[in-house]
Amino acid sequence: MTTAAPVRERPAAAPRGSEFAPLLRTVKGQGLLERRTGWYARSIAVNTLALASVVTAMVLVGNSWWTLLLALPLALFSARTSFIGHDAGHSQIADKRQVNRVLGLIHANLLVGTSAAWWNDKHNRHHANPNHVDKDPDVAPDVLVFSGDHVAGRTGFKAWLTRHQAWLFFPLCLLEGINLKIQGIKDLRRQSPRERTVEGLLLLVHLVAYATLLLTVLTPGKALLFAFLHQAFFGLHLGLAFAPNHKGMPMPDSTTERWGHLHRQVLTSRNIRGGPVTDWLLGGLNYQIEHHLFPNMPRPHLRLAQPLVRAHCRDLGIPYAETGAVDSYRQALGHLREVGEPLRVE
């Protein structure tokens with residue numbers, strides 16, 4: 001099993017200024033950084049139609065227990081909506097920053113109820129220092145702990161969580177959809193007055209529209225159950241998409257800050273093998289290495305860049321991690337179990 005203890009050793013000396021540049025030139029030369037506005041326009045239109053179809057079905061079925069079954073497809077297309085918001089945050093969709101900003105606000109704040117500003121701030125810090133013990137907010141100690149450096153001092157309920165975190169990971173993902181909304185609302189205090197007004201207003205519109213839809217179609221009890229199922233499936237789907245990307249991969253710390261862009265992004269990321277279905281379900285994040293090397297690369301170009309990146313890493317002797325979906329979850333959960341091991345042997 002792949003372990004992911006913090007990487008202490010310094011990487012071998014290399015002409016770091018030249019490692020990434022040849023790959024970047026090749027990728028640019030093949031036009032893989034050019035926008036794909038037509039592809040995104042079709043994707044957005046199809047996703048919007050799918051969301052509208054689910055909502056229409058809810059209205060037509062009405063106050064029936066059968067309506068609860070629609071929570072699953074609504075969660076599925078809510079995740080697709082979040083993936084579009086993610087791509088907008090990376091400026092993958094349009095050349096103009098303002099267009100990407102508007103698309104991000106529509107797909108995150110308005111349609112999903114999460115804050116685009118909060119997500120972009122957090123996600124950009126993750127991209128700058130992926131899996132870094134001290135700098136990546138995605139591995140900061142919280143409910144779960146991803147580094148052995150953060151286990152010391154965990155007592156009581158937190159220690160219990162850490163001991164059992166491998167078993168608790170996917171159940172906790174059921175709460176992630178709600179957590180994303182809460183974190184976005186809390187982040188409004190950090191934002192500038194203008195940004196706070198726009199973000200907060202769109203979050204409020206989403207909440208009112210969501211509650212109105214459920215309470216108009218369903219009785220309060222069924223509406224509450226539908227909301228829980230929708231958010232649980234949504235959070236689980238996002239967890240399934242994000243968990244394989246970095247968990248169980250090397251975790252650099254301050255002693256490895258000399259890693260260049262290529263080493264930093266490739267060594268901490270993992271790709272998931274698969275075809276068009278995997279690409280669709282994971283929103284292109286299964287090409288995590290390519291996405292981290294070229295965060296503004298349009299999603300449909302990631303699979304085209306993969307053989308170029310793999311060959312470049314092979315020529316430089318840099319490990320290129322790629323595995324199946326099931327094995328990626330095994331590695332991620334194995335790492336969580338390993339991190340919690342000291343608290344189980346006390």
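We count residues from 1, following the sequence as given.
Taking all atoms of both residues into account, the shortest heavy-atom contact from L23 to L308 is CD1-O, 3.9 Å. For S78 against L74, the heavy-atom pair with the smallest separation is OG-O, 2.7 Å. Nearest heavy atoms, N100 versus A94: ND2-O, 2.8 Å.
Side-chain contact between S82 and F234: present, with at least one pair of heavy atoms (C-beta onward) separated by less than 4.5 Å. H246 has its side chain out of reach of V139: every pair of non-hydrogen atoms, C-beta onward, lies at least 4.5 Å apart. Side-chain atoms of T268 and W259, non-hydrogen and from C-beta on, do get closer than 4.5 Å to each other. Looking at heavy atoms from C-beta onward, I44 lies in side-chain contact with H107 at the 4.5 angstrom threshold. Between S269 and M249 there is no side-chain heavy-atom pair separated by less than 4.5 Å. In this structure the side chain of N131 reaches within 4.5 angstrom of the side chain of P252, judged on heavy atoms. Annotation: side chain of T278 is not in contact with side chain of R273 (no heavy-atom distance under 4.5 Å). At least one side-chain heavy atom of D279 sits less than 4.5 Å from a side-chain heavy atom of Y287.
The main-chain N or O of L175 is never found under 3.5 Å from a side-chain atom of N179 such that the two would form a donor-acceptor pair. Put simply, the side chain of E176 never gets that close to the backbone of L236: no donor and acceptor are under 3.5 Å apart. For the pair R163 (side chain) and E341 (backbone), a donor-acceptor distance under 3.5 Å is absent. H150 contributes no side-chain N or O that, together with a main-chain N or O of A140, makes up a donor-acceptor pair within less than 3.5 Å. Without hydrogens or angle criteria, H335 side chain to G248 main chain gives no donor-acceptor distance under 3.5 Å. Distance alone, capped at 3.5 Å, places no donor-acceptor pair between the D187 side chain and the Q183 backbone. At least one donor-acceptor pair under 3.5 Å links the side chain of Y329 to the backbone N or O of L240.
Screening residues 30-63 for ring pair (Phe, Tyr, Trp, His ring centres under 6.0 Å), with sequence neighbours left out, gives no hits. Pairs passing the side-chain hydrogen bond (donor to acceptor under 3.5 Å, both in side chains) check and including a residue from residues 193-203, sequence neighbours excluded, read R101-E199, N109-E199, S115-E199. For residues 220-236, no residue pair satisfies the salt bridge (charged side-chain N to carboxylate O under 4.0 Å, His left out) rule, not counting sequence neighbours. For residues 65-76, no residue pair satisfies the side-chain hydrogen bond (donor to acceptor under 3.5 Å, both in side chains) rule, not counting sequence neighbours. Sorted by first then second residue, the salt bridge (charged side-chain N to carboxylate O under 4.0 Å, His left out) pairs that include residues 20-29, not counting sequence neighbours, number zero. Within the structure, the salt bridge (charged side-chain N to carboxylate O under 4.0 Å, His left out) test picks out the following pairs touching residues 65-87 (sequence neighbours left out): D87-R299.
Here the CD-CG distance, from Q288 to N245, works out to 3.5 Å after rounding to the nearest 0.5 Å. Interatomic distance, L33 CG to Q92 CD, rounded to the nearest 0.5 Å: 10.5 Å. Separating the CD1 atom in I289 from the CG atom in L267 is a distance of 9.0 Å, to the nearest 0.5 Å. Expressed to the nearest 0.5 Å, how far CG of L105 lies from CG of L110 amounts to 9.0 Å. From H132, atom NE2 reaches atom CZ of R125 across 13.5 Å, with rounding to the nearest 0.5 Å. Summarising the geometry, atom CG belonging to L238 is positioned 13.5 Å from atom CZ belonging to F233; distances are rounded to the nearest 0.5 Å.
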Scan the side chains in residues 317-328 for donor-acceptor partners under 3.5 Å anywhere in the protein, sequence neighbours excluded, and list what turns up.
| residue | atom | partner | partner atom | Å |
| --- | --- | --- | --- | --- |
| Y320 | OH | N271 | ND2 | 2.9 |
| Y320 | OH | E290 | OE2 | 2.6 |
| Y320 | OH | Q306 | NE2 | 3.4 |
| E322 | OE1 | R310 | NH2 | 3.1 |
| E322 | OE2 | Q306 | NE2 | 3.0 |
| T323 | OG1 | D327 | OD2 | 2.7 |
| D327 | OD1 | R330 | NE | 2.8 |
| D327 | OD1 | R330 | NH2 | 2.7 |
| D327 | OD2 | Q331 | NE2 | 2.7 |
| S328 | OG | A325 | O | 2.5 |

Under 3.5 Å donor-acceptor pairs involving side-chain atoms of residues 214-221, not counting sequence neighbours:
| residue | atom | partner | partner atom | Å |
| --- | --- | --- | --- | --- |
| T216 | OG1 | T212 | O | 2.5 |

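Applying the ring pair (Phe, Tyr, Trp, His ring centres under 6.0 Å) test to H261 and every residue at least two apart in sequence or in another chain returns F20. Judged as a side chain to side chain donor-acceptor pair (under 3.5 Å), and not counting sequence neighbours, the contacts of T81 are N47. Listed by chain and number, the residues in a salt bridge (Lys or Arg N to Asp or Glu O under 4.0 Å) with D142 amount to none (sequence neighbours excluded). In this structure H123 satisfies the ring pair (Phe, Tyr, Trp, His ring centres under 6.0 Å) test together with H86, H90, W119, H126, H127, sequence neighbours excluded.
Side chains of Q231 and K181: a donor on one and an acceptor on the other come within 3.5 Å.
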